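One structure is given here, and the rest of the page talks about it.
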Amino acid sequence: MSKILVVGCGYVGLTTAVGLAELGHRVMGYDLDTNLISRLSSGVPTIYEPGLPELLVKNTQSGVLSFTSSVTNEGPDFDLVFLCLPTPSREDGTANLTYLTSAVSQVRILLTEHTTVVIKSTVPVGTAKLIKSLVPEGVTIASNPEFLREGSSVYDFFHPNRIVIGAQGRVAPKSLLTAYENFSVPIVVTSHETAELIKYSANAFLAIKISFANELAFLSERTNSDIDDLIYAVGLDTRIGINHLNPGPGWGGSCFPKDTRELLATAQKLGVPMQTLQAAVSSNERTMEALAGRILSLVDSIETTPVVAILGLAFKAGTDDVRESPSTKVAELLSGAGLSIKGYDPLVVKSGSFAGVLCSSIDECLAGSHIAVLMTDAEEFRVIDPTDVLRLMVTPQVLDTRRILGAASWASSGITHHSLGFQEV
Ligand code: UGA
């Protein structure tokens, strides 16, 4: 059993803390936010993540997991200190490391020759070197990027595809290997620089894959092809793979947009063109603009101010996170064009960035609208009753960007049904 301090209790930190505690380690979560810490200490999760509440309660009650908003050198002698701080984009696209460096100065007092500082945050190449220069002599640094998806981060923690460890001389610290001893997946031990770049490369490749799938969806519309059969058949080639090949309204969230910006900015600084990634980013912007354009054309003939019902406000289903959500962007474009916007999401209770009225149910959102646009594949949307749509909407038409509604049954119920990736009928 290792003694572990997790610094930063956001999505990554909290999942990591809970996961490591569940694996049998003694874990303390540290965050400056006293409100967050008091909620977590009483077993109340501060983020929506399936599976997290149960593990949080179980491990705080058994005493292996605790939280604090202040650290002193009188506390335990930690074997591992995980840094799980946000690295948001700066104006120029590069990652802002201020939260990370400031966290290091807060916990510096605890670090001894016995401690390994583990960088979990997504950080640009060179960050491990920077952190090394900020900690006392003799402290070991490891780069250990996370690959957790929001909405399934607890599952991902316990079922990784691989564990990546960047270390001085490619020798993984024993204490970190011990922390992961329960996993039987490949452990890639490499240099710090490689580990740092692996994380960005993985996210960038997934973003490229989705952008390509989105372009195929537009091409399918023009060629009267079936996009679902197309991506299924293409993805069955194991060299390509079916995952992250599902077309939609564009990729968003707190990771892909930020990480692609950082990788592009770094590559540009180093004089290495990354044209494929640049094209994927532009393509993603175009996907959202094209979607807004399609909505505008579908309500073009309406004589009053068209009302658009946006179903799904988070950047994907299964999370309440609205950061860089395609819905926010599309709503902004439509609102800018003079349309009236309403929105609903089963998990989003507030969204400062949404350019519309936030509704508390699907029915409230559909009422009085001229088009409903499905932006995420939330379970609640899969079972929308067409008779409710007919009853509530002024002009019953639906645009399904995730292709979760059975087109045939919807069309037969008298609703105009459009699907991203399918020709207008
Ligand atoms: C992503 C990566 O998947 C994680 O491996 C990584 O650890 C994480 O970023 C991170 O860097 O922390 P996440 O942002 O939670 O995870 O979400 P994804 O499930 O990857 O989805 C990202 C965006 O792509 C969403 O807008 C989603 O709707 C879109 N997407 C995803 C598609 O449009 N089609 C797909 O087939 C998959």
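All ligand and atom numbering here is 1-based and tracks the order in the structure. This structure is a prediction, so every number in the text was calculated from the model and none was measured.
Summary of contacts: the protein heavy atom closest to atom 30 (N) of ligand 1 is I210 CD1, 3.4 Å. Looking at atom 3 (O) of ligand 1, its nearest protein heavy atom turns out to be R149 CG, 3.3 Å. The nearest protein atom to atom 19 (O) of ligand 1, hydrogens excluded, is given as K316 NZ, 2.9 Å; this is a heavy-atom distance. Among protein heavy atoms, atom 5 (O) of ligand 1 sits closest to F147 O, 3.4 Å. Protein heavy atom in closest approach to atom 15 (O) of ligand 1: E150 N, 2.7 Å. Given atom 12 (O) of ligand 1, the protein heavy atom at minimum distance is E146 OE2, 2.7 Å. Ranking protein heavy atoms by distance to atom 4 (C) of ligand 1, first place goes to L148 O, 3.6 Å.
The shell of residues lying under 4.0 angstrom from ligand 1, judged by heavy atoms, includes R402. The closest approach between any non-hydrogen atom of K209 and ligand 1 is not below 4.0 Å. Remark: distances from the non-hydrogen atoms of G253 to ligand 1 are all 4.0 Å or more.
In this structure a side-chain-to-backbone donor-acceptor pair under 3.5 Å is present from R108 to L134. For S325 (side chain) and L313 (main-chain N/O), a donor-acceptor pair under 3.5 Å exists by modelled atom type. Although no hydrogens or angles enter the test, the distance criterion places a donor-acceptor pair under 3.5 Å between the side chain of H25 and the main chain of A179. Here the side chain of T60 pairs no donor or acceptor atom with the backbone of S41 at under 3.5 angstrom. Listed for the K209 side chain is a donor-acceptor partner under 3.5 Å among the backbone atoms of N243. Not one N or O on the side chain of T328 forms a donor-acceptor pair closer than 3.5 Å with the backbone of E324.
Counting heavy atoms closer than 4.0 Å to ligand 1, residue T319 contributes nothing at all. In N246, the parts holding a heavy atom less than 4.0 Å from any atom of ligand 1 are both the side chain and the backbone.
One finds no salt bridge joining E332 and K329 here, because no Lys/Arg side-chain nitrogen approaches an Asp/Glu carboxylate oxygen to under 4.0 Å.
On a distance-only criterion, F256 and ligand 1 share no N/O pair closer than 3.5 Å. Note: an N/O pair closer than 3.5 Å links F315 and ligand 1 by distance alone. Taking any N or O of G252, backbone or side chain, at least one lies under 3.5 Å from an N or O belonging to ligand 1.
Taking a cut-off of under 4.0 Å to the non-hydrogen atoms of D259, the atoms of ligand 1 that pass are 11 (O). Heavy-atom contacts of K199 reach the following atoms of ligand 1: 7 (O), 10 (C), 11 (O), 12 (O) (cutoff under 4.0 Å). Listed by number with element, the atoms of ligand 1 under 4.0 Å from a non-hydrogen atom of H244 are 3 (O), 18 (P), 19 (O), 20 (O), 31 (C), 35 (C), 36 (O), 37 (C). Distances below 4.0 Å separate heavy atoms of C255 from the following atoms of ligand 1: 8 (C), 9 (O), 10 (C), 11 (O), 12 (O), 14 (O).
Side chains of E262 and T266: a donor on one and an acceptor on the other come within 3.5 Å. For the residue pair T16/E146, the side-chain donor-acceptor check at 3.5 Å is not satisfied.
For Y155, the ring-ring contact (aromatic ring centres under 6.0 Å, His included) test picks out H159, with sequence neighbours left out. Here T87 pairs with K258 under the side chain to side chain donor-acceptor pair (under 3.5 Å) rule; sequence neighbours left out.
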Show the numbers, then the answer: is there a salt bridge (charged side-chain N to carboxylate O under 4.0 Å, His left out) between E215 and R286?
CA-CA 10 Å; E215 290 179 352; R286 270 203 311 278; 3.5 Å; yes
